Amino acid sequence: GKKSWRQNLVEELKHYCNGFHLLWIDTKVAARMVWRLLHGQVLTRRERRRLLRTCADLFRLVPFLVFVIVPFMEFLLPVFLKLFPEMLPSTFETESKKEEKQQKKLNAKLELAKFLQETIAEMAKWNKADTG
């Protein structure tokens with residue numbers, strides 16, 4: 001059934017609280033990684049990607065906080081998210097958005113693989129014609 005506006009508000013508040021909590025955890029882990037880097041240790045590829053993602057999330061948080069701090073600006077947030085979909089930090093993404101991104105990446109990879117297969121098949125035909 002339909003949810004009341006109060007239930008929607010509570011769900012949105014929980015979503016943003018969880019997002020801030022996850023961002024805080026990521027920030028603490030990234031600070032430890034930076035500490036390790038400063039002391040001469042080398043990061044793995046996974047750690048390096050996580051550090052870069054967390055730094056990018058912290059930079060994305062600045063314009064997002066403007067919408068949270070300025071009164072009534074949160075009503076414009078959906079408009080700006082439509083115009084700039086990568087504005088939210090990654091910890092604030094919903095599962096449906098994550099699945100949608102994965103689906104787009106998969107479709108792009110499939111198209112690329114199909115193109116490469118067709119190119120290789122054509123090259124094989126040309127090679128057979130040249131040698132035959």
Side-chain angles (χ1 to χ4, degrees):
K2 274 191 151 186
K3 296 179 185 177
S4 69
W5 65 272
R6 199 171 270 178
Q7 288 173 329
N8 285 336
L9 179 68
V10 168
E11 282 184 16
E12 287 295 317
L13 286 175
K14 284 181 183 178
H15 174 72
Y16 288 115
C17 284
N18 288 337
F20 278 115
H21 183 71
L22 290 173
L23 186 62
W24 173 248
I25 291 170
D26 281 350
T27 305
K28 287 192 316 187
V29 171
R32 279 189 229 127
M33 284 185 227
V34 169
W35 180 259
R36 285 179 35 210
L37 272 175
L38 291 175
H39 285 85
Q41 292 184 1
V42 179
L43 298 178
T44 63
R45 187 179 348 161
R46 173 183 272 174
E47 289 172 334
R48 192 169 42 248
R49 276 189 285 154
R50 186 170 186 177
L51 179 63
L52 288 174
R53 187 191 73 223
T54 304
C55 289
D57 285 347
L58 289 174
F59 284 121
R60 288 181 190 149
L61 188 65
V62 174
F64 177 69
L65 284 178
V66 170
F67 287 96
V68 174
I69 293 172
V70 175
F72 301 109
M73 189 85 168
E74 63 269 6
F75 296 120
L76 293 177
L77 186 60
V79 174
F80 278 89
L81 288 177
K82 206 62 157 166
L83 294 173
F84 309 105
E86 297 295 321
M87 188 177 89
L88 275 181
S90 63
T91 57
F92 291 89
E93 288 181 348
T94 60
E95 287 299 318
S96 62
K97 287 286 185 184
K98 287 180 185 177
E99 289 174 6
E100 185 179 312
K101 273 186 177 180
Q102 285 180 338
Q103 188 66 34
K104 283 182 181 179
K105 283 182 182 179
L106 179 64
N107 288 339
K109 286 179 182 179
L110 289 174
E111 287 294 321
L112 180 62
K114 185 178 175 183
F115 171 75
L116 291 175
Q117 285 177 342
E118 290 173 358
T119 304
I120 290 172
E122 284 183 30
M123 289 175 66
K125 286 180 189 176
W126 290 344
N127 285 341
K128 284 182 183 177
D130 288 345
T131 58

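All values derive from a computational prediction rather than experimental measurement.
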Q: Report yes or no: do L106 and L112 belong to one cluster of Ile/Leu/Val/Met/Phe/Trp/Tyr joined by side chain heavy-atom distances under 4.5 Å?
A: no

(Q) Using 0.5 Å steps for rounding, measure from the CD atom of E118 to the CD atom of E122. (A) 7.5 Å

Q: Treat each ILVMFWY residue as a node, draw an edge where side-chain heavy atoms are under 4.5 Å apart, and state whether V29 and L51 are in one component.
A: yes

Q. With sequence neighbours left out, what residues match D26 under salt bridge (charged side-chain N to carboxylate O under 4.0 Å, His left out)?
A. R50, R53

Q) Are W24 and L65 joined in one hydrophobic group, where the rule is that I, L, V, M, F, W and Y side chains link up if heavy atoms are under 4.5 Å apart? A) no

**Q.** I69 reachable from F20 in the ILVMFWY side-chain graph, under 4.5 Å edges
**A.** yes

**Q.** Non-hydrogen side-chain atoms of E11 and H15 separated by less than 4.5 Å
**A.** no

**Q.** K125 NZ to I120 CD1 distance, which is reported to the nearest 0.5 Å
**A.** 13.5 Å

Q. For the atom pair CZ (R6) and CG (N8), what is the distance rounded to the nearest 0.5 Å?
A. 12.0 Å

Q. Shared ILVMFWY cluster between M73 and V79, side chains joined below 4.5 angstrom?
A. yes

Q. Distance from K82 atom NZ to L76 atom CG, nearest 0.5 Å?
A. 15.5 Å

Q: Specify the closest pair of heavy atoms between L37 and Q41, including all atoms of both residues, with the distance to one decimal.
A: CD2-O, 3.6 Å

**Q.** Over all atoms of both residues, closest heavy-atom pair of V42 and E47
**A.** O-OE1, 4.5 Å

Q: If a pair satisfies ring pair (Phe, Tyr, Trp, His ring centres under 6.0 Å) and one of its residues is in residues 34-55, list it, with sequence neighbours excluded.
A: W35-H39

Q | Separation between CD of Q117 and NZ of K114, rounded to the nearest 0.5 Å | A | 9.5 Å

Q | Euclidean distance, L58 CG relative to L23 CG, rounded to 0.5 Å | A | 5.5 Å

Q | Over all atoms of both residues, closest heavy-atom pair of D57 and S90 | A | OD2-OG, 2.5 Å

